[in-house]
Amino acid sequence: MNALLQGLSSCPSFIRWLEEFTLQKDQNAEQHNHLSVTLLHLLKALHNKECPSDVVLDASPLLEVLRSHRWQISSFDEQDAHELFHVLTSSLEDERDNQPHVMHLFDVEFLELQAEPEKQIHFRTQVPAYPLPRQWKLQHPFHGRLTSNMVCKQCQHQSPMRYDTFDSLSLSIPTASWGCPLTLDLCLQHFISRESVKDVVCDNCTKMQTEQIPNRDFIQNKKTTFVKQLKLGKLPQCLCIHLQRLSWSNLGSPLKRNEHVQFGEFLVLDRYKYQRSSLSPTKPAATLSSKIDGLEVSNDRCNPIMMFQNGACSTAYLSPITSPEYISSSYLFRLMAVIVHHGDMHSGHFVTFRRSPVIKNQNIASQQWLWVSDDTVRRTNLQEVLSSNAYLLFYERVQFKPQKVEEK
């Protein structure tokens with residue numbers, strides 16, 4: 001719990017969402033049982049946005065709130081940080097769904113949404129997209145969507161697109177090839193790689209077979225092989241990546257994988273994002289510059305080399321800020337925290353690498369990194385962070401602000 005709280009407190013977007021979410025609650029209701037209120041108090045203190053009254057910040061109220069949500073949590077058993085992350089997100093979703101949805105008398109926007117069904121958007125499958133409910137806007141910033149696309153190998157018929165929600169991306173670690181390092185980019189490629197699904201009923205193949213046979217009373221559904229591929233449909237503002245380090249021996253006993261997976265301070269996800277069209281929009285000309293955290297960077301150079309992306313090369317050799325590939329990215333994420341597990345599959349200890357809390361009234365991400373182990377804190381650097389065996393990675397989306405370069 002300590003390690004996870006340190007990681008979440010380094011995500012400003014999540015704290016801002018909690019602040020907005022808690023403001024919508026009934027002020028007269030008892031808030032000591034609200035997970036969002038308890039979590040916000042802890043994260044604001046760890047993020048230096050709120051000074052606790054006591055010298056020691058007590059996190060035990062968080063466990064009490066989770067137990068009130070009927071979670072069986074023991075203080076003396078070994079637990080998993082990734083599981084606790086999903087306990088928190090699912091409990092926040094339950095709290096959101098259970099709060100009363102009372103429509104305000106002057107909520108004209110909501111009334112107009114219900115009164116205009118003729119303006120619905122239709123997808124390629126001609127299924128109407130009904131207006132999203134008002135609580136959709138209250139989704140936490142870790143909420144994202146995956147797209148699942150299936151195409152028949154025989155007739156190339158594409159099934160309707162499926163959407164699945166996620167709070168974290170759980171990536172398996174592929175087997176390393178000789179001479180090729182394990183990178184986060186390799187894990188992402190393995191995650192979206194195509195896979196064959198056999199014995200799937202194809203409606204289009206069945207229809208074509210029916211048209212060719214005169215006696216259609218004995219036609220059976222034709223099963224073929226489909227190719228399935230996942231893509232990132234909706235990217236969250238805060239991205240949690242879980243590296244699956246659990247494996248099984250030939251005897252069926254659990255083993256922990258201790259391979260180092262290389263990752264970078266910045267993460268580019270454009271190539272993993274689902275696009276409606278294969279044509280990508282043209283990039284702006286080399287007369288623009290971008291600002292990130294007050295630093296102006298020119299993108300007048302082209303960098304077609306993909307080998308420097310997403311952990312394939314250390315930032316000691318390539319500065320992410322000056323890389324044109326990062327500047328031109330539409331889906332760029334910055335590393336905010338890393339949770340590392342020391343031990344085996346039966347016992348161990350979680351520590352967190354996180355950015356130092358920001359100075360009050362400043363929204364600039366700190367460049368100082370900290371190593372936190374319960375109540376022990378020391379300063380560290382980015383090189384040590386990137387050399388760790390990550391278990392959970394917390395990234396936050398970066399928004400570039402293009403500006404025209406002044407003519408000299």
Side-chain angles (χ1 to χ4, degrees), residues 1-11 14 79-86 88-89 142 144 166-176 180-191 236 238-247 254-269 272 308-316 320 332-345 348-356 365-374 377-398:
M1 182 182 66
N2 291 335
L4 183 60
L5 287 176
Q6 292 287 353
L8 293 176
S9 65
S10 62
C11 300
F14 184 59
Q79 306 290 343
D80 181 68
H82 184 234
E83 293 181 3
L84 181 58
F85 172 79
H86 282 286
L88 291 177
T89 55
F142 286 98
F166 70 89
D167 296 336
S168 67
L169 289 181
S170 190
L171 307 180
S172 60
I173 302 176
T175 305
C180 296
L182 280 174
T183 65
L184 183 58
D185 201 52
L186 192 63
C187 297
L188 288 168
Q189 292 178 22
H190 186 265
F191 179 75
C238 299
L239 178 62
C240 175
I241 295 180
H242 166 234
L243 295 178
Q244 301 176 12
R245 295 194 173 272
L246 171 63
S247 62
L255 298 174
K256 179 186 175 183
R257 298 187 61 176
N258 293 305
E259 297 96 326
H260 174 64
V261 177
Q262 296 182 13
F263 57 95
E265 182 183 9
F266 286 84
L267 179 65
V268 178
L269 294 179
Y272 306 106
F308 295 106
Q309 185 177 336
N310 299 343
C313 181
S314 171
T315 54
L332 179 66
F333 289 77
R334 177 197 281 114
L335 182 67
M336 306 303 293
V338 181
I339 294 181
V340 180
H341 178 263
H342 297 287
D344 54 22
M345 298 306 303
H349 179 61
F350 288 100
V351 299
T352 304
F353 291 95
R354 58 160 295 179
R355 292 184 184 271
S356 177
S366 173
Q367 299 301 318
Q368 176 63 56
W369 284 87
L370 302 176
W371 177 88
V372 185
S373 175
D374 290 339
V377 183
R378 65 172 174 84
R379 294 191 180 193
T380 183
N381 52 47
L382 181 60
Q383 283 71 26
E384 183 180 357
V385 176
L386 300 182
S387 62
S388 63
N389 287 344
Y391 180 63
L392 291 179
L393 296 165
F394 291 93
Y395 283 90
E396 190 165 277
R397 190 171 177 182
V398 177

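This is a predicted model, so every value here is computed, not measured.
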Can you tell me how far [atom2] of [Y] sits from [atom1] of [X], rounded to the nearest 0.5 angstrom?
| X | Y | atom1 | atom2 | value |
| --- | --- | --- | --- | --- |
| L169 | L243 | CG | CG | 10.5 Å |
| R334 | F266 | CZ | CZ | 4.5 Å |
| N258 | D344 | CG | CG | 9.5 Å |
| L182 | Q262 | CG | CD | 8.5 Å |
| E265 | Y395 | CD | OH | 9.0 Å |
| S168 | L392 | OG | CG | 7.5 Å |

> So, for S356 and L370, which heavy atoms are closest and what is the spacing to 0.1 Å?
Replying inline: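 That closest heavy-atom pairing would be CA-CD1, 3.8 Å.
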> What's the shortest heavy-atom distance between F142 and C11, and which atoms?
Replying inline: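 In this case the closest contact between F142 and C11 is CZ-SG, 4.3 Å.
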Would you mind reporting whether [Y] and [X] have side-chain heavy atoms less than 4.5 Å apart?
| X | Y | result |
| --- | --- | --- |
| Y391 | F350 | yes |
| L188 | L269 | yes |
| L171 | L184 | yes |
| H82 | H341 | no |
| L386 | F263 | yes |
| L393 | L267 | no |

Under the 3.5 angstrom rule, does the side chain of [X] hit a backbone N or O of [Y] as a donor-acceptor pair?
| X | Y | value |
| --- | --- | --- |
| H260 | S388 | yes |
| Q6 | M1 | no |
| R245 | A390 | yes |

>> Test side-chain contact (heavy atoms from CB on, under 4.5 Å) on F166 and L239; report intermediate values, then the result.
In response: CA-CA 10 Å; F166 70 89; L239 178 62; 4.2 Å; yes
>> Show, in sequence, the C-alpha distance, side-chain angles and deciding distance for D374 and H349, and conclude whether the side-chain contact (heavy atoms from CB on, under 4.5 Å) test is met.
In response: CA-CA 10 Å; D374 290 339; H349 179 61; 3.4 Å; yes
> In chain order, what residues pass the salt bridge (Lys or Arg N to Asp or Glu O under 4.0 Å) check against E259, with sequence neighbours excluded?
Replying inline: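 Partners of E259 by the salt bridge (Lys or Arg N to Asp or Glu O under 4.0 Å) criterion, ordered by chain and then number, come out as R257.
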> What residues, two or more places apart in sequence or in another chain, satisfy side-chain contact (heavy atoms from CB on, under 4.5 Å) together with T89?
Replying inline: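 Expected list: F85, H86, H140, D167.
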>> Restricting to side-chain contact (heavy atoms from CB on, under 4.5 Å), what partner residues turn up for Q79, sequence neighbours left out?
In response: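 Here the qualifying residues are D77.
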> Could you walk me through whether H190 and L186 pass the side-chain contact (heavy atoms from CB on, under 4.5 Å) check?
Replying inline: CA-CA 6 Å; H190 186 265; L186 192 63; 5.9 Å; no
> Taking 4.0 angstrom as the limit, do E396 and R355 come out as a salt bridge?
Replying inline: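 No, no charged N to carboxylate O under 4.0 Å.
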> Do Q244 and S172 have a side chain donor and acceptor closer than 3.5 Å?
Replying inline: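 There is no such pair (donor and acceptor under 3.5 Å, judged by atom type) between the side chains of Q244 and S172.
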>> Within a 6.0 Å radius of atom CZ on R379, are there more than 12 heavy atoms belonging to other residues, nucleotides or ligands?
In response: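 No, CZ of R379 has 12 or fewer neighbouring heavy atoms, counting only those of other groups under 6.0 Å.
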>> For F394, run the side-chain contact (heavy atoms from CB on, under 4.5 Å) check against T352, I339, L335 and tell me which one passes.
In response: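 Answer after filtering T352, I339, L335: I339.
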